Asks: 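For reference, the structure I am asking about is given below.
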Amino acid sequence: QVQLVESGGGLVQAGDSLTLSCAASSRTFSSAAMGWFRQAPGKEREFVGAISRSGATTYFADSVKGRFTLSRDNAKNTVYLQMNSLKPDDTGVYYCAAGDRITNYYRHWAYDYWGQGTQVTVSS
């Protein structure tokens, strides 16, 4: 069982930056691919980005490509989502997810474990 805890959310203005962290409880963290999803009020959960087990490969939604970056520190069991040039459309609850055998990084059903989420609000 893997427990994921997100942190770093908050209220920022458009154009600001924010870094989200996701800390995993498991010592097998390095064997899991990690993803971030977000959900705005009244909308479905959508893919934001994902990072491979080694950290060598990242994937992003078109809406955040060029603005968001992902990194991971396997020694600290933590993955980081750096968000730059934030827009009001980036507002939502951000969820961290982990999966041991990811067949599709972009789909929420591919992930086995989820955090409880952290709120990000971007004001215009």
Side-chain angles (χ1 to χ4, degrees):
Q1 188 76 12
V2 177
Q3 292 184 327
L4 304 174
V5 179
E6 304 96 336
S7 61
L11 172 63
V12 297
Q13 293 186 331
D16 285 351
S17 298
L18 203 59
T19 301
L20 304 184
S21 299
C22 174
S25 63
S26 174
R27 287 176 291 179
T28 60
F29 172 79
S30 60
S31 67
M34 304 295 294
W36 285 92
F37 290 74
R38 67 187 181 190
Q39 189 166 18
K43 295 187 177 181
E44 294 187 352
R45 190 170 299 191
E46 65 173 357
F47 172 77
V48 175
I51 187 167
S52 63
R53 289 177 289 180
S54 67
T57 307
T58 55
Y59 309 83
F60 293 98
D62 289 342
S63 59
V64 306
K65 204 170 290 184
R67 299 188 296 121
F68 290 12
T69 60
L70 270 169
S71 61
R72 64 189 295 164
D73 186 339
N74 287 343
K76 295 183 178 180
N77 288 359
T78 302
V79 63
Y80 305 96
L81 178 65
Q82 173 69 41
M83 307 185 292
N84 300 322
S85 303
L86 283 162
K87 305 175 181 180
D89 284 347
D90 294 319
T91 294
V93 178
Y94 282 68
Y95 297 91
C96 174
D100 296 322
R101 297 180 180 84
I102 299 294
T103 56
N104 189 324
Y105 285 94
Y106 299 86
R107 302 301 181 205
H108 65 87
W109 46 255
Y111 296 82
D112 303 305
Y113 308 102
W114 291 83
Q116 293 190 329
T118 184
Q119 176 71 46
V120 172
T121 304
V122 184
S123 64
S124 57

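No experiment lies behind these values; they were computed from the predicted model shown. Reckoned from all heavy atoms, side chains included, excluding hydrogens, waters and symmetry mates.
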Asks: Determine whether a donor-acceptor pair (N or O, by modelled atom type, separation under 3.5 Å) exists between the side chain of Thr91 and the backbone of Val122.
Replies: yes
Asks: Run the numbers on Val2 and Phe29 for side-chain contact (heavy atoms from CB on, under 4.5 Å), then give the verdict.
Replies: CA-CA 8 Å; Val2 177; Phe29 172 79; over 6 Å; no
Asks: Closest approach of Asn84 and Ser17, non-hydrogen atoms and distance?
Replies: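 For Asn84 versus Ser17, the nearest heavy atoms are OD1-OG, 2.9 Å.
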Asks: Without swapping roles, check the side chain of Arg72 against the backbone of Ser52 for a donor-acceptor pair under 3.5 Å.
Replies: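 It does hold such a pair.
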Asks: Answer with yes or no whether the hydrophobic clustering places Val48 together with Val93; edges join I, L, V, M, F, W, Y residues whose side-chain heavy atoms lie under 4.5 Å apart.
Replies: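 In one cluster with Val48: Val93, no.
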Asks: Applying the side chain to side chain contact (heavy atoms under 4.5 Å, CB included) criterion to Val120, which one of Leu81, Asp90, Leu18 satisfies it?
Replies: Leu18
Asks: Keeping the roles fixed (side chain from Glu6, backbone from Cys96), state whether a donor-acceptor pair exists under 3.5 Å.
Replies: yes
Asks: Could you state the interatomic distance from CG (Asp112) to CG (Leu4), rounded to the nearest 0.5 Å?
Replies: 10.5 Å
Asks: So, taking the atom named NE2 in His108 and the one named CD in Gln39, what distance separates them when rounded to the nearest 0.5 Å?
Replies: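 Interatomic distance, His108 NE2 to Gln39 CD, rounded to 0.5 Å: 9.5 Å.
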Asks: Show your reasoning for whether side-chain contact (heavy atoms from CB on, under 4.5 Å) applies to Arg38 and Ser63.
Replies: CA-CA 12 Å; Arg38 67 187 181 190; Ser63 59; 3.6 Å; yes
Asks: Is the backbone of Ser85 close enough, under 3.5 Å, to the side chain of Arg67 for a donor and an acceptor to pair up by distance?
Replies: yes
Asks: Quick one: closest heavy-atom pair of Ala14 and Ser124, and the distance?
Replies: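 Minimum heavy-atom separation between Ala14 and Ser124: CB-CA, 4.3 Å.
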Asks: Check the surroundings of atom CD in Glu46: do more than 12 heavy atoms from other residues, nucleotides or ligands lie under 6.0 Å from it?
Replies: yes
Asks: Atom NZ of residue position Lys65 - does it have more than 12 heavy atoms of other residues, nucleotides or ligands inside 6.0 Å?
Replies: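 Buried by this count: over 12 neighbours within 6.0 Å.
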Asks: Please determine whether residues Leu20 and Tyr113 belong to a single hydrophobic cluster, defined as Ile, Leu, Val, Met, Phe, Trp and Tyr linked transitively by side-chain heavy-atom distances below 4.5 Å.
Replies: yes
Asks: Do you know which two heavy atoms are closest between Cys22 and Met34, and how far apart they sit?
Replies: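 Shortest heavy-atom separation between Cys22 and Met34 comes out as SG-CE, 4.0 Å.
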Asks: Check whether any side-chain heavy atom of Gln3 sits under 4.5 Å from a side-chain heavy atom of Val5, and report yes or no.
Replies: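 Sidechains of Val5 and Gln3: no contact.
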Asks: If every non-hydrogen atom of Tyr111 is compared with every non-hydrogen atom of Gly35, which pair is closest and at what distance?
Replies: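 The pair with the smallest heavy-atom distance is CE2-N, 3.6 Å.
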Asks: Is it the case that over 12 heavy atoms from other parts of the model lie below 6.0 angstrom from the CD atom of Gln116?
Replies: no
Asks: Does either side chain, that of Thr19 or that of Gln82, offer a donor lying less than 3.5 Å from an acceptor on the other one?
Replies: yes
Asks: Considering all heavy atoms of both residues, which atom of Asn74 and which atom of Asn77 are nearest to each other, and what is their separation?
Replies: O-OD1, 3.1 Å
Asks: Nearest 0.5 angstrom please: Met83 CE to Leu70 CG, how far?
Replies: 10.5 Å
Asks: Show me the pairs that pass ring-ring contact (aromatic ring centres under 6.0 Å, His included) and involve residues 63-105, at least two apart or across chains.
Replies: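 Matches after skipping sequence neighbours: Tyr59-Tyr105.
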Asks: Under the side-chain contact (heavy atoms from CB on, under 4.5 Å) rule, what do Trp109 and Asn104 come out as? Steps first, then yes or no, please.
Replies: CA-CA 9 Å; Trp109 46 255; Asn104 189 324; 4.0 Å; yes
Asks: For Phe47, what residues pass the ring pair (Phe, Tyr, Trp, His ring centres under 6.0 Å) criterion, not counting sequence neighbours?
Replies: Phe37, Tyr106
Asks: Using the side-chain contact (heavy atoms from CB on, under 4.5 Å) rule, take Thr118 and Ser7 through it: C-alpha gap first, then chi angles, then the decisive distance, then the call.
Replies: CA-CA 6 Å; Thr118 184; Ser7 61; 5.9 Å; no
